[in-house]
Every structure is written in C-alpha cells, then in structure tokens.
Amino acid sequence: MSRVVAENGVTVFNRRQAMDSPRASDSASPTLGQLLKSVGDVRKEVTGDETPVHHVLEMGGSTGAVEPRPLPFVLSFRDLTYSVKVNRKMSLLKRSSATATATANGGETNGTKTKVLLNGISGEARDGEIIAVLGASGSGKSTLIDALANRIARGSLKGTVTLNGEALESGLQKVISAYVMQDDLLFPMLTVEETLMFAAEFRLPRTLSKSKKKARVQALIDQLGIRNAAKTVIGDEGHRGVSGGERRRVSIGIDIIHDPIILFLDEPTSGLDSTSAYMVVKVLQRIAQSGSIVMMSVHQPSYRILGLLDRLIFLSRGQMVFSGSPATLPLFFESFGHPMPENENITEFALDVIRELEGSGETKTLVEFNKSWQSKNIRNDSPTHDGLSLKEAISASISRGKLVSGAAHGNGTGSASLVPTFANPIWTEIAVLSKRAITNSRRMPELFGIRLGAVVVTGFILATVFWHLDNSPKGVQERLGFFAFAMSTTFYTCADALPVFLQERYIFMRETAYNAYRRSSYVLSHSLTALPALAFLSLAFAAITFFAVGLDGSLSGFLFYFLIIFASFWAGSSFVTFLSGVVPQVMLGYTIVVAILAYFLLFSGFFITRERIPAYWIWFHFISLVKYPYEAVLQNEFNNPTKCFVRGVQIFDGTPLRNVPDALKIKMLGSMSATLGMNISTTTCVTTGADVLQQQGITALSKWNCLWITVAWGFFFRILFYLALLLGSKNKRR
C-alpha cells in the first residue's frame, strides 16, 4: 500500500486501497472526534485548502500501529412495490355493467386496471461502485431509479429504503444525493464554465470563498473531461454549442458540484454515440471511486461500458430477474439452461433471453430462479459500520471532502440536522439568480428588442392617430378611446413574458428538487430582474404618447402617467407570470391570456359604465386589471376644475341639432336660458372635467388609490405564482 502523505506520525492512504486492507483492533482505533480533528489538521498542513481531497485518514493508536478504518455507505432497498391505475377505453354501453362488477373485482372496474411497475424489488448499492439497472423499454428501470431517488410520492411506494441501516429521511436525501435527468436541461446561452459556476454558487456554502468555488469548478471541469469546451456556450437549435456528450457531462457536473454521497442517473448514455457514452460512464467511474454511490439506468451498454460497471440489475416487467456482477452473468444463464455463446455481448444475450421469456409468458420461471440463485450466492462481504450512526458516517465523509455544502453543521441531533437544508441564505440565492437572469438576457438582446419595438410601434401609432386632441366634446370621446386602448395595450404587450418561465420550468424543477435554492428566492429574483425592463418600456411609451396626444397635467401629470403605465406593466407581467406557472403549454397560455384580458377590457368601464353593468357581472368589474389604471389616467386628465370641455353651442354636438346654423343654436341657448332662469352664452362652460368623470361613473377612488391597487394586484399575482410553484413543482410521481 503506497503512502500519499506521511507527516507528524499521520499517514494518509488511497481510499480504495485502505478499504481493502485489514482492520485494526478496537484498541488501536481512533475515536470519531480524533478522526475529524486529525483529518482537518493534515488537510490544512499539507494542502492549505479548506476543501479536502478524497482520501481516508489512518492514524496510530497508543501502540503506534497504523491501520485503515473503513467507513462505507450502503444503500439498501427491500420489497419496493409501486403500481398505478390505468384507464382503459370502453364504450358507453359497457360502463354501467362495469360499475356493477366493481365490488366483485375488489374496486377495479373494466374502465380501470392496476399496472404494477415495481414488484418486490430488493438489493443494495455501495459507495465506490457503479450499479446499472438494465431491461427492455417499460421494464421499470427509470421507475426504480425514481423510487430510490425519492421521486415517488410518499404513500404510493411500498417497501423500505435505508442508508447504512437507517431510514433515509426526505430532507436529508435531498442534501446528500443528486439526480441527473435523462434530458439535458441547461441554459443555452451560458458557457460550460458559467453553468458550473452558477451551480457552485447555489450548492456550495457562502462560507467558502469565491476562489475556492472557482477552484472546485476548474477541478470538476478536468474531472468531466470538458476542458476544451469550458468557454463554449451550451447552445441549442439556433445557436451552435457543445457536443451531445459534452452537454451530458455538464448536466452531470451541475448535480455533483457539491460532491454528493449518492448519485442517481436516468439513462445518462441515451442518445449518445458509443465514444461519448463511454466517456460519460468513465466520468461516473471516477465519481464512484471518489467515494460516491452511483446508480443509473441504461438501455443496452456496449462492451467497453460493461467493463466499467461493478454490478448489474436486470428487470422484466417490474420484477428483478438478475442482480450481481457482470462476471457472474454467463454462469447465471448457464445454470438457468441458456448457456451463453462465445464472443457474445453478455448484456445483449441476457436481454434477448428475457424478451423471449416475456413473449412466451415464462418470465416467472426466471424470477423464481433468480431468487434461488441469490439465496445460494448471497454476498457475505457486507461492510460493517463499526457501530457508527449515519450521522457520524456522514461527518467522517464530510471530513474527507465529500458533500462540500455540508461544511456548516446543524445543531440538531438527527441525521437531517447534520447539513443545512439550503447551502446559502435567501439574499445570496436572489443575487445569484438575478445575475444568471441578467447574463441570459444580455446574451439574447433580441428578446427585449422585440418587446421594446412592439411598445414603440404601438405608442407611435396611437400618437399619430390621436395627435393633439382638442377640448371639444369629440376630444373627450377620443381621449376616452385613447386611454382604454392604451391601458389595455400595456397588458397585452406583457403576454410575451409567458414563454419565459415555461422554458425554464424544468430547469427550475431540477434545481429546486434537491434544494439548490428556495422557491421564494426564484420568485423574488424573477420580480426584481423584470422591473428595470418594465420601467424602460413604461418610460418609452409615456414619452411617445403623452405630449403627442396633448394630455393635461404638465410635468406632474406626465410623472403620474408614467407611474400608472409602469404599474400596469407590473400588474400585467405578474398576471402573465402567474399563468405561466399554472399553464403547461405556450399556445394554451396565449389563448387564456388573450381571452381574460379581453374580459378585463370589457368590464373596465369604457364600453359600459359601472351603473349599467348587470348585478351578476359586477364582481368582474372590480377584479378587472384594466379598470384601475383606466380610471387613474382619466382622473389625471380630467381632474382640473378650471378646464372646460363643452361651451355654449357645443352642447348640441353629438345630437341631431349639430348641423343647424349657429344663429339658430344661439337662439335655442337664449330660450334655454329663459326656461332655466340662468344665462347660457356661447362662452359659458357647460361640462367640466369633473362632469366627465361623473358621467363615466368614476367617483369612488382617487387616482392615487387606483395606482396603489394596480401595484397591489402585481404583488398578489406574484404571491399566487409562488404558491403555484410551491404546490405544482413537486416533481414526484403519484
């Protein structure tokens, strides 16, 4: 056994070699406290780094003996069973008879049937090994990985999952494990290095310096073998980026940035060529050798990949038909009566035999044979844990450099209190999320440019159509139309925010599934990063339309006009963001947004005043997002008591008398004056701004109250967005 470091009587050995060596006697074994302290001393003296390398410490006792002390992890699962109900197509005439027989069938009707996806699966996985789950499509490979990764809702899965003999709590498993999805969910405009650096900012603790995080990222880039692509963007269909194999390794790197103890992967080689697939599994082998449990599903490994795997689990229709090392597979099938030909890929042969048995309905014989085989050849080299609890084993693993985010210990007594739920405080998460969002926006300026162009073009059209409106009765009606269209337009232009979260949804679900950051941090960051763009859009629209249309209020009026447009953009953006958290598809979301905004405009008070809205629809008037900014801009325009909009003969405008000669109109004014007992001349103000507001039924709220209510709507929909993320992104099977 070769020494790595020998200094001050302390010797550090390679981890795998140490685990294979004989154990020392109990009298020569150090305590856990001595183990942790000595590891820290050696780490600081030798490397000068707070982030240790993956080695095990061995130190002499009172007798001066130097012996290894293995602290392995064993993930055990017993009798895992999971089933779902599947609806069967049936005619309408058969449904009544199906209901009648439901009780006799134990609650299962002809319309539904129970499909067993996992049936009594048992086994174990150890650190330092790669365990591959194989089987044909629909055999239950991904379901087993999901079950072990706690991605099946509690209550739906039967059986037990333990780590070192102790039940694995959901909160603890999120921190010490990682799950790599089959799809590569990455931001296309970030480089490989930036992607991993943001992952490090999320998963590594704030106490770790920026330089240490960068060093961890650089080491991981070398470990993943993607040094040549470090400065290359991930890319997508419209942007050239890294290759498929490199993309897959980046996906793995994101989830192992904090060096988890357990790593689950769902078909990491799917869709890759043989060389890329081999490189991915080679990376997984290095991760396992660093002290992690690596468990993955794979469809059909090549001969080279098979040489990297330590154990295989074959499934057939949810049942285990083999579990053991690849070397024992030929003997297993020979004993079963299906000898393997020479120069045959053993996994291909095994899958072919399993498919034949499935086709003939004889899979049960292989299942029973596997049970008898396992009972005869059960592994008797199960590692011992030296009486250490799971908490103590995790502590020792952290001291060796595993689980970087677990550097800050909790104060509780359970295993879950050993590591924090989240690596960073909420303000750090908001800062990192905001930085990432801004970086993505800067890389795709065309998105904001299109949005700005839509606002500018709309403002220009409105400004030229309603150019310098006068203060006549027609001017009043034209102002009402302008305000209704302008306020509704601010909400409609917010609809382009709908695809933003829909594109990020699965990235968000992957990152929050294992506590990379809080959902509240994402909502706050999403809101903060949207404000500068909304402010710029509001200023552009206000500047184009206010002076061109000839609105009243001078500078103070312009400032309020800008604020209410800003509030409208804020409320509209929040509303669309909330819908994006509820609606799964872009086209469906656009349909809902357009329909609801049309209803908001209908009940805003422009087409029909509040007094004329039927009582059974009045509630929609008060929840209309367009109502409050519409009323606010009307009050901002018509609240000047000295401004007159109808004088003398203008009262006949809009009536059948509008075309009679002015001399006759003046005579009619004289007659009206005599009848009413008041003098009405051609210069007498008949209708002021207050009268216009009265006619429109806008008297209940001040313009500032309308502004605050519009802002409050924005916060309300952001809260609903948070609740939608909290309740709708569990990312677990039912």
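Because only heavy atoms are used, hydrogens play no part in the values below, and waters and symmetry mates are left out as well, while side chains stay in. Only a predicted model underlies this, so the values are computations on that prediction, with no experimental measurement involved.
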Listed pairs under 3.5 Å, donor-acceptor, residues 588-609 side chains, sequence neighbours left out:
residue : atom : partner : partner atom : Å
T591    : OG1  : M587    : O            : 3.0
S604    : OG   : L601    : O            : 2.8

Below 3.5 Å, can you tabulate the donor-acceptor pairs from side chains in residues 458-465 to any protein atom, sequence neighbours excluded?
residue : atom : partner : partner atom : Å
T458    : OG1  : A454    : O            : 2.7
T464    : OG1  : F460    : O            : 2.9
T464    : OG1  : I461    : O            : 3.0

I'd like a table of donor-acceptor pairs (distance under 3.5 Å, sequence neighbours excluded) in which one partner is a side-chain atom from residues 525-536, with atom names and distances.
residue : atom : partner : partner atom : Å
S525    : OG   : S434    : N            : 3.1
S525    : OG   : S434    : OG           : 3.2
H526    : ND1  : R718    : NH1          : 3.0
S527    : OG   : V523    : O            : 2.8
S527    : OG   : R718    : NH1          : 3.4
T529    : OG1  : S525    : O            : 2.9
T529    : OG1  : H526    : O            : 3.3

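For the salt bridge (charged side-chain N to carboxylate O under 4.0 Å, His left out) test, no residue two or more places apart in sequence or in another chain qualifies with R249. In this view, D184 and R248 satisfy the salt bridge (charged side-chain N to carboxylate O under 4.0 Å, His left out) rule, not counting sequence neighbours. When the side chain to side chain contact (heavy atoms under 4.5 Å, CB included) test is applied to F422, the partners found at least two apart in sequence or on another chain are E429, N515, R518. Legend: residues meeting side-chain hydrogen bond (donor to acceptor under 3.5 Å, both in side chains) with H299, ordered by chain and number and at least two apart, are absent. Shown here are the salt bridge (charged side-chain N to carboxylate O under 4.0 Å, His left out) partners of D236, two or more places apart in sequence or in another chain: there are none. Taking the salt bridge (charged side-chain N to carboxylate O under 4.0 Å, His left out) definition, one finds that E504 meets it with nothing, sequence neighbours left out. Scored by the side chain to side chain contact (heavy atoms under 4.5 Å, CB included) test, D273 finds T275, S276 as partners (sequence neighbours excluded). Residues passing the side chain to side chain contact (heavy atoms under 4.5 Å, CB included) test with N639 are K703, sequence neighbours excluded. Among residues two or more places apart in sequence or in another chain, the side chain to side chain contact (heavy atoms under 4.5 Å, CB included) test is passed with I618 by R610, I613, H621, F622.
Using a cutoff of 4.0 Å between basic side-chain nitrogens and carboxylate oxygens, E478 and K474 are not scored as salt-bridged.
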